[in-house]
Amino acid sequence: MQNDTVHTNQEYDLYELEKLRKAIDLLIHLEQTEDELSLKLDDARTSVRRRIKGLAIDLGIHKEFINGI
């Protein structure tokens, strides 16, 4: 049986972690191939920030950290 959740104070869906991993992989690829002012690159950065903030909120990480992202 395959586990789908991580047990912390709350259950967190591993699919969300997989989405974050894919967003980071795309960002790394675009950082290497796109122009610094590329709209694709900017969108990828925003996507990673949004996913990290969502994870931080779900895991109860302090607000100061979330606002710093």
Side-chain angles (χ1 to χ4, degrees):
M1 183 173 154
Q2 184 177 9
N3 291 331
D4 315 288
T5 56
V6 173
H7 297 282
T8 59
N9 291 340
Q10 302 174 4
E11 290 187 353
Y12 193 76
D13 190 350
L14 287 180
Y15 294 112
E16 292 302 318
L17 294 173
E18 180 65 17
K19 288 178 188 177
L20 174 59
R21 185 195 63 78
K22 288 180 181 181
I24 291 170
D25 285 346
L26 177 61
L27 177 58
I28 290 168
H29 170 74
L30 292 174
E31 288 278 358
Q32 295 170 350
T33 60
E34 291 288 320
D35 179 24
E36 184 64 28
L37 300 176
S38 164
L39 185 57
K40 283 185 194 179
L41 183 56
D42 191 47
D43 288 346
R45 288 175 177 150
T46 301
S47 176
V48 168
R49 276 190 207 100
R50 182 176 48 84
R51 292 188 186 285
I52 290 173
K53 283 182 179 183
L55 248 171
I57 291 167
D58 289 344
L59 295 174
I61 295 173
H62 293 119
K63 186 177 181 179
E64 294 81 19
F65 172 77
I66 296 169
N67 291 336
I69 297 175

[atom1]-[atom2] distance between [X] and [Y], expressed to the nearest 0.5 angstrom:
X     : Y     : atom1 : atom2 : value
Leu27 : Glu34 : CG    : CD    : 11.0 Å
Lys19 : Lys22 : NZ    : NZ    : 9.5 Å
Leu20 : Asp25 : CG    : CG    : 9.5 Å

*Donor-acceptor pair, side chain of Thr46 and main chain of Asp42, under 3.5 angstrom*: yes

_If we check side-chain contact (heavy atoms from CB on, under 4.5 Å) with Leu41, which of these qualifies: Leu26, Asp35, Leu30?_
Leu30

*Of all residues at least two apart in sequence or in a different chain, which pass the salt bridge (Lys or Arg N to Asp or Glu O under 4.0 Å) check with Arg50?*
none

*For Glu31, enumerate each residue passing the salt bridge (Lys or Arg N to Asp or Glu O under 4.0 Å) test, keeping only those at least two apart in sequence or located in another chain.*
Arg45

